[in-house]
Amino acid sequence: MSDELRLKLMLEACYVSGFSLDVLELLTRGLDAQATRICCGNVSALPKNKKSSDTP
């Protein structure tokens with residue numbers, strides 16, 4: 001997979017998921033092209049930290 005295509009996939013995933021590009025790069029580093037497409041295509045399945053409604 002070209003770096004340009006990988007970047008495009010990650011930028012689209014950032015927009016959809018709200019994850020930063022740094023996080024997605026870390027999650028997909030070393031993955032082959034198919035695994036990167038799956039990860040970036042299914043970013044909604046990745047865990048997200050949500051703020052608690054409780055305040056300290």
Side-chain angles (χ1 to χ4, degrees):
M1 169 181 288
S2 73
D3 289 339
E4 193 173 308
L5 178 58
R6 184 168 180 258
L7 178 60
K8 182 181 176 196
L9 286 170
M10 289 191 300
L11 287 172
E12 289 173 5
C14 288
Y15 179 76
V16 171
S17 69
F19 285 114
S20 72
L21 185 59
D22 293 339
V23 169
L24 287 176
E25 195 284 323
L26 203 81
L27 290 172
T28 60
R29 186 180 297 163
L31 297 180
D32 63 14
Q34 185 65 20
T36 301
R37 283 188 187 98
I38 290 169
C39 183
C40 289
N42 295 316
V43 291
S44 61
L46 296 173
K48 286 188 178 180
N49 293 332
K50 296 191 179 198
K51 289 185 176 181
S52 172
S53 60
D54 298 332
T55 53

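Residues forming a side chain to side chain contact (heavy atoms under 4.5 Å, CB included) with Leu21 (at least two apart in sequence, or on another chain): Leu7, Met10, Leu11, Cys14. Every side-chain hydrogen bond (donor to acceptor under 3.5 Å, both in side chains) that Thr28 has, sequence neighbours left out, goes to Arg6.
Listed by first and then second residue, the salt bridge (Lys or Arg N to Asp or Glu O under 4.0 Å) pairs that reach into residues 29-38 are Glu25-Arg29, sequence neighbours excluded.
Here the straight-line distance linking atom CG of Leu9 with atom CD1 of Ile38 works out to 11.5 Å at 0.5 Å rounding.
Scanning both residues, Ala35 and Leu31, for their nearest heavy atoms gives CB-CB, 3.9 Å.
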